[in-house]
Amino acid sequence: MRKLALIVATMLLLTGCESSDVQKRLVVTAIGIGESTISYQTFSPENEIEVYTFECDSLSEAEEELSLKTGKEIFLGDTELIAFSGSMNIEPYLDYLWHSPDIYMGTPVVFSEASPDKLLEIQSEELSGILTVAGEKVGLIDLYNDIYSYDCCAWLPLFSSVGEISGEILLKSSQECGIIALYYE
């Protein structure tokens with residue numbers, strides 16, 4: 001009986017837990033959503049930052065394209081920044097991010113004057129640091145709560161194309177248009 005217990009214990013130790021190989025994962029550090037493009041800033045094991053941009057209508061389609069292009073499993077759990085740009089309804093994107101199990105609800109959300117892929121050429125941690133120092137950090141949960149509150153609007157920090165805060169932008173929710181950016185301040 002003792003010998004059987006030892007064999008079982010040894011087998012359990014040798015099998016271990018199933019783990020995901022780091023080389024098979026693509027770590028996304030920032031997501032940029034424009035009028036007709038979705039961009040991802042990724043971090044490689046070699047400490048290199050790459051930006052991938054796709055012409056897609058949804059985040060799920062863009063993630064699939066990114067996975068096919070890189071041959072890796074997409075990991076959104078380290079996303080440090082979400083940037084919107086352009087005049088479009090962001091409601092489907094916000095809904096997708098809200099329901100994504102990997103996205104941290106405190107991830108900072110900004111609006112960009114330039115296309116998001118240009119903003120994502122700057123390291124996401126650098127942009128997140130600028131927001132923290134300026135006291136302008138608006139997390140995904142803050143945006144969601146503000147936009148779905150009784151007044152249906154939210155203010156987001158506005159980034160210039162060189163990665164500086166240049167003001168704020170008002171997002172407004174309505175049944176006719178969804179969630180759209182109204183104006184810069």
Side-chain angles (χ1 to χ4, degrees), residues 26-44 48-76 78-100 102-104 107-124 126-128 130-131 138-140 142-144 146-148 152-185:
L26 185 66
V27 177
V28 173
T29 55
I31 302 169
I33 303 164
E35 287 184 46
S36 61
T37 62
I38 297 173
S39 299
Y40 293 93
Q41 182 186 84
T42 63
F43 180 78
S44 72
E48 293 180 11
I49 290 176
E50 291 186 60
V51 177
Y52 297 91
T53 301
F54 304 96
E55 289 187 26
C56 295
D57 295 326
S58 70
L59 283 167
S60 60
E61 184 182 343
E63 282 179 34
E64 189 176 313
E65 291 284 330
L66 180 59
S67 182
L68 288 171
K69 182 174 182 99
T70 62
K72 295 185 177 187
E73 174 188 347
I74 308 306
F75 180 67
L76 301 175
D78 287 334
T79 302
E80 297 173 341
L81 185 76
I82 299 165
F84 289 100
S85 177
S87 56
M88 63 184 182
N89 177 12
I90 69 165
E91 190 168 24
Y93 303 104
L94 186 59
D95 188 54
Y96 182 86
L97 293 166
W98 181 259
H99 289 95
S100 174
D102 292 337
I103 295 283
Y104 169 59
T107 301
V109 183
V110 300
F111 210 86
S112 175
E113 290 177 346
S115 64
D117 59 321
K118 297 296 180 207
L119 184 63
L120 296 188
E121 290 174 3
I122 302 167
Q123 285 192 4
S124 59
E126 201 175 307
L127 295 172
S128 186
I130 292 168
L131 290 170
V138 176
L140 185 59
D142 302 318
L143 171 59
Y144 196 87
D146 289 348
I147 207 72
Y148 291 111
C152 302
C153 65
W155 289 94
L156 284 183
L158 179 65
F159 265 90
S160 68
S161 59
V162 293
E164 298 172 349
I165 298 175
S166 58
E168 291 182 305
I169 191 163
L170 176 65
L171 299 179
K172 185 82 174 156
S173 175
S174 72
Q175 289 184 338
E176 303 83 37
C177 302
I179 303 170
I180 57 169
L182 290 180
Y183 62 87
Y184 301 98
E185 188 176 274

Straight-line distance of [X] [atom1] to [Y] [atom2], nearest 0.5 Å:
| X | Y | atom1 | atom2 | value |
| --- | --- | --- | --- | --- |
| Tyr148 | Glu91 | OH | CD | 3.5 Å |
| Glu126 | Leu81 | CD | CG | 11.5 Å |
| Ser58 | Ile33 | OG | CD1 | 10.5 Å |
| Asn89 | Ser174 | CG | OG | 8.5 Å |
| Asp57 | Met88 | CG | CE | 11.0 Å |
| Thr42 | Ile31 | OG1 | CD1 | 11.5 Å |

No-hydrogen, no-angle side-chain donor-acceptor test under 3.5 Å, Thr29 and Gln41: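 Yes, a side-chain donor-acceptor pair sits under 3.5 Å.
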Given side chain to side chain contact (heavy atoms under 4.5 Å, CB included), test Trp155 with Ile169 step by step and report yes or no. CA-CA 6 Å; Trp155 289 94; Ile169 191 163; 5.8 Å; no
Taking all heavy atoms of [X] and all of [Y], pick out the closest pair and write down the distance.
| X | Y | answer |
| --- | --- | --- |
| Ala30 | Leu120 | CB-CD2, 3.5 Å |
| Ser166 | Glu113 | OG-OE2, 3.0 Å |
| Ser115 | Ser85 | CA-OG, 4.0 Å |
| Ser100 | Leu76 | OG-CD1, 4.1 Å |
| Leu66 | Phe54 | CA-CZ, 3.5 Å |
| Ile147 | Leu171 | CD1-O, 3.6 Å |

State whether the number of non-hydrogen atoms from other residues, nucleotides or ligands found under 6.0 Å of [X] atom [atom1] is greater than 12.
| X | atom1 | answer |
| --- | --- | --- |
| Tyr144 | OH | yes |
| Glu35 | CD | yes |
| Glu64 | CD | no |

Do [X] and [Y] have side chains that approach each other closer than 4.5 Å (heavy atoms only, starting at C-beta)?
| X | Y | value |
| --- | --- | --- |
| Phe84 | Val110 | no |
| Phe43 | Glu80 | no |
| Leu127 | Leu119 | yes |
| Ile74 | Leu26 | yes |
| Leu59 | Tyr40 | yes |
| Val109 | Leu97 | no |
| Glu168 | Leu158 | no |
| Val28 | Asp102 | no |

Could you go through Ile38 and Glu61, starting from their C-alpha distance and side-chain angles, then the distance that decides it, and tell me whether this counts as side chain to side chain contact (heavy atoms under 4.5 Å, CB included)? CA-CA 10 Å; Ile38 297 173; Glu61 184 182 343; over 6 Å; no
Are Tyr93 and Ile82 close enough, and set up right, to give a side chain to side chain contact (heavy atoms under 4.5 Å, CB included), and what steps lead you there? CA-CA 10 Å; Tyr93 303 104; Ile82 299 165; over 6 Å; no
